[in-house]
Amino acid sequence: MTKESELEHMRLAIREARRSLPEDDKPHPYVGVVVVRDGEVLASACRGDRATGDHAEFGALEKKLKSDKVAGCTVYTTLEPCTTRNHPKVPCAERLIERRVGRVVIGALDPDQRITGRGVLRLRRAGIAVDLFPPDLMAEVEELNRDFIRDREMHAAASVPVGLTEAGITAFYPSRDYYARLRHDAATIDRYVSTAERTLVMVSINLMTGLPFNDLCKAMERKLREKKGQFSATLSLLDPRRADLMSVVAPVLNSEPDELARAIRQSIRNLIRFKGSLPTAAQVRLDVRVHPVLPFGSAILLDHEHQNGRIQIETKPYKAGLQKSLAFEVARGRGSSGLYDVLCESYETLLRDGHSVVDENLAQEEQESSATS
């Protein structure tokens with residue numbers, strides 16, 4: 001497909017958007033959608049095209065192309081597909097995934113803070129390529145939707161607690177039960193780390209919830225093999241040789257110091273064996289480490305040095321069950337407080353203050369050293 005034909009499909013989507021019909025007197029977005037296969041336009045639609053309140057993607061995919069094969073098609077939409085609808089309605093992002101489209105080209109991110117960026121992320125996690133309109137056409141879409149954007153920004157300013165936006169906090173999980181509720185496609189650790197594109201860093205006490213239960217190693221192996229040199233992972237556990245740390249942390253986990261140290265050593269051995277099972281080229285991109293200090297909280301850093309980086313911090317209240325652990329996620333560039341950068345620097349320093357575990361023999365030596373100290 002030529003660049004000019006791509007631009008024409010984007011312009012057609014904008015023309016469709018201008019036909020949008022609001023369902024009431026509240027500000028609603030102007031949205032246009034164009035479905036294309038091999039340069040041929042299969043269908044186009046706008047918001048409210050066939051019925052009041054219908055989203056444009058719904059009109060195109062389910063009313064105009066309900067019986068047509070659209071797998072692999074490119075969909076041009078002037079607004080980021082929604083990720084939440086009142087039951088029984090289906091979010092537009094899910095419709096695009098269900099119909100197996102190959103690519104989505106977006107004119108503007110949704111200004112609704114409940115959706116901003118989540119539609120893009122949901123599509124990418126499902127393996128759908130996502131691109132944006134060029135700046136001049138994005139500006140046209142944003143101008144067309146200026147009333148809706150202003151309304152969403154005012155609503156966000158009134159509803160978001162002071163400090164969350166500034167901190168860049170994109171999600172809060174009151175307990176582990178909320179992982180499944182709030183991120184359906186990445187509820188477990190293995191699925192969550194699979195969303196990383198370039199780098200994974202995990203800082204934990206003993207990683208016991210990741211290794212035995214959630215196929216973390218399988219997820220890392222897929223990434224290390226598939227990316228062919230473009231993905232690396234670092235996992236750091238609390239140093240089991242530090243009896244002082246074991247004594248401090250064990251009561252929080254309803255454990256005994258010796259029991260916790262044994263659990264950490266077992267996790268280290270499992271990781272070293274896993275590393276040894278990988279091809280040589282992949283082994284050099286997996287670093288197993290121990291750290292000598294208590295971290296701010298257990299952390300998962302996904303592509304943290306890149307523009308789309310995210311950091312999840314999890315901590316457990318004293319002697320509460322593991323499922324009662326609470327967590328929050330911070331994204332790069334979402335706030336102006338500098339919290340994201342502070343967290344990155346803190347965990348990078350923690351890793352530097354620790355050291356790599358080279359092989360299983362070293363893990364065994366650490367056991368013996370701890371037993372005689």
Side-chain angles (χ1 to χ4, degrees), residues 1-21 28-51 53-85 88-110 112 115-142 144-145 184-186 194-195 197 226 308:
M1 189 181 301
T2 66
K3 179 179 179 181
E4 187 52 44
S5 62
E6 281 253 288
L7 292 173
E8 183 53 38
H9 296 142
M10 297 176 197
R11 295 187 186 106
L12 175 57
I14 294 175
R15 290 197 296 272
E16 285 289 326
R18 293 185 182 279
R19 298 195 306 109
S20 295
L21 300 173
H28 292 282
Y30 289 83
V31 186
V33 167
V34 177
V35 183
V36 176
R37 181 193 296 283
D38 298 328
E40 177 187 356
V41 175
L42 302 184
S44 60
C46 66
R47 183 183 175 93
D49 195 334
R50 293 285 181 88
D54 278 357
H55 284 199
E57 290 90 340
F58 175 73
L61 296 175
E62 303 302 331
K63 291 197 169 180
K64 296 186 176 182
L65 295 172
K66 183 176 181 62
S67 300
D68 295 75
K69 177 184 175 182
V70 298
C73 285
T74 295
V75 175
Y76 299 84
T77 177
T78 58
L79 188 68
E80 178 181 14
C82 65
T83 55
T84 178
R85 298 294 309 273
K89 295 179 179 179
V90 178
C92 293
E94 296 304 319
R95 292 193 185 279
L96 292 164
I97 293 168
E98 289 173 356
R99 297 300 296 272
R100 299 294 192 268
V101 305
R103 178 171 171 249
V104 177
V105 186
I106 297 171
L109 296 181
D110 196 312
D112 190 327
I115 300 173
T116 308
R118 296 180 185 273
V120 172
L121 186 60
R122 181 71 185 95
L123 294 172
R124 293 186 68 244
R125 286 176 175 173
I128 297 174
V130 178
D131 292 305
L132 300 176
F133 284 22
D136 58 330
L137 294 184
M138 291 187 75
E140 187 174 344
V141 173
E142 290 166 350
L144 178 62
N145 284 290
H184 307 290
D185 55 339
S194 293
T195 64
E197 294 293 329
E226 291 171 2
N308 63 333

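We number each residue from 1, following the sequence as shown.
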Heavy atoms of P81 and L123 approach each other most closely as CG-CD1, 4.1 Å
Test side chain to side chain contact (heavy atoms under 4.5 Å, CB included) on R50 and F58 and set out the steps.
CA-CA 10 Å; R50 293 285 181 88; F58 175 73; over 6 Å; no
As an exercise, state the distance from OG of S5 to CE of M10, rounded to the nearest 0.5 Å.
9.0 Å
Tightest non-hydrogen contact, residues R99 and L65, listed as NH2-O, 2.8 Å
Side chains of D110 and P29: closer than 4.5 Å at any heavy-atom pair?
no
Within a 6.0 Å radius of atom CZ on R124, are there more than 12 heavy atoms belonging to other residues, nucleotides or ligands?
no
Closest approach of A45 and A56, non-hydrogen atoms and distance?
CB-O, 3.7 Å
Do you know which two heavy atoms are closest between V35 and C73, and how far apart they sit?
CG1-CB, 4.1 Å
Find the distance between CZ (R18) and CD (E140) and round it off to the nearest 0.5 Å.
5.0 Å
To the nearest 0.5 Å, atom CD1 of I115 lies from atom OG1 of T83 at 5.0 Å
NZ/NE/NH1/NH2 to OD/OE distance under 4.0 Å, R19 and E16:
yes
Atom pair CG/OG1 of L137 and T78 - distance to nearest 0.5 Å:
11.5 Å
What is the distance from atom OG1 of T84 to atom NZ of K89, rounded to the nearest 0.5 Å?
11.5 Å
Find the distance between CZ (R95) and SG (C82) and round it off to the nearest 0.5 Å.
9.0 Å
Pairs flagged by side-chain hydrogen bond (donor to acceptor under 3.5 Å, both in side chains) wherever residues 64-74 is involved - sequence neighbours left out:
D49-K64
Over all heavy atoms of both residues, which pair between L21 and G48 is shortest? Give the atoms and the distance, please.
CD1-O, 3.9 Å
Is F133 atom CZ crowded by more than 12 heavy atoms from other residues, nucleotides or ligands, each under 6.0 Å away?
yes
Does a side-chain N-to-carboxylate-O contact under 4.0 Å join E80 and R118?
no
Closer than 4.0 angstrom, basic N to acidic O: yes or no for R85 and E57?
no
Donor-acceptor contact below 3.5 Å, side chain S44 vs main chain V33:
no
With a 4.5 Å heavy-atom cut-off, do I14 and V141 have their side chains touching?
yes
On a heavy-atom basis, which atom in E142 and which in A108 lie closest, and how many Å separate them?
CG-CB, 4.2 Å
Does atom CZ of R100 have more than 12 heavy-atom neighbours from other groups under 6.0 Å away?
no
CG of D38: more than 12 outside heavy atoms within 6.0 angstrom?
no
Evaluate the criterion side chain to side chain contact (heavy atoms under 4.5 Å, CB included) for residue pair Y76 and V36; output intermediate values, then yes/no.
CA-CA 8 Å; Y76 299 84; V36 176; 3.7 Å; yes
Go through the steps to decide whether R47 and Y30 satisfy the test side chain to side chain contact (heavy atoms under 4.5 Å, CB included), and finish with yes or no.
CA-CA 7 Å; R47 183 183 175 93; Y30 289 83; over 6 Å; no
Using the rule given for side chain to side chain contact (heavy atoms under 4.5 Å, CB included), can you reason through I97 versus I128, listing the C-alpha separation, both sets of side-chain angles and the distance that settles it, and then say yes or no?
CA-CA 8 Å; I97 293 168; I128 297 174; 3.9 Å; yes
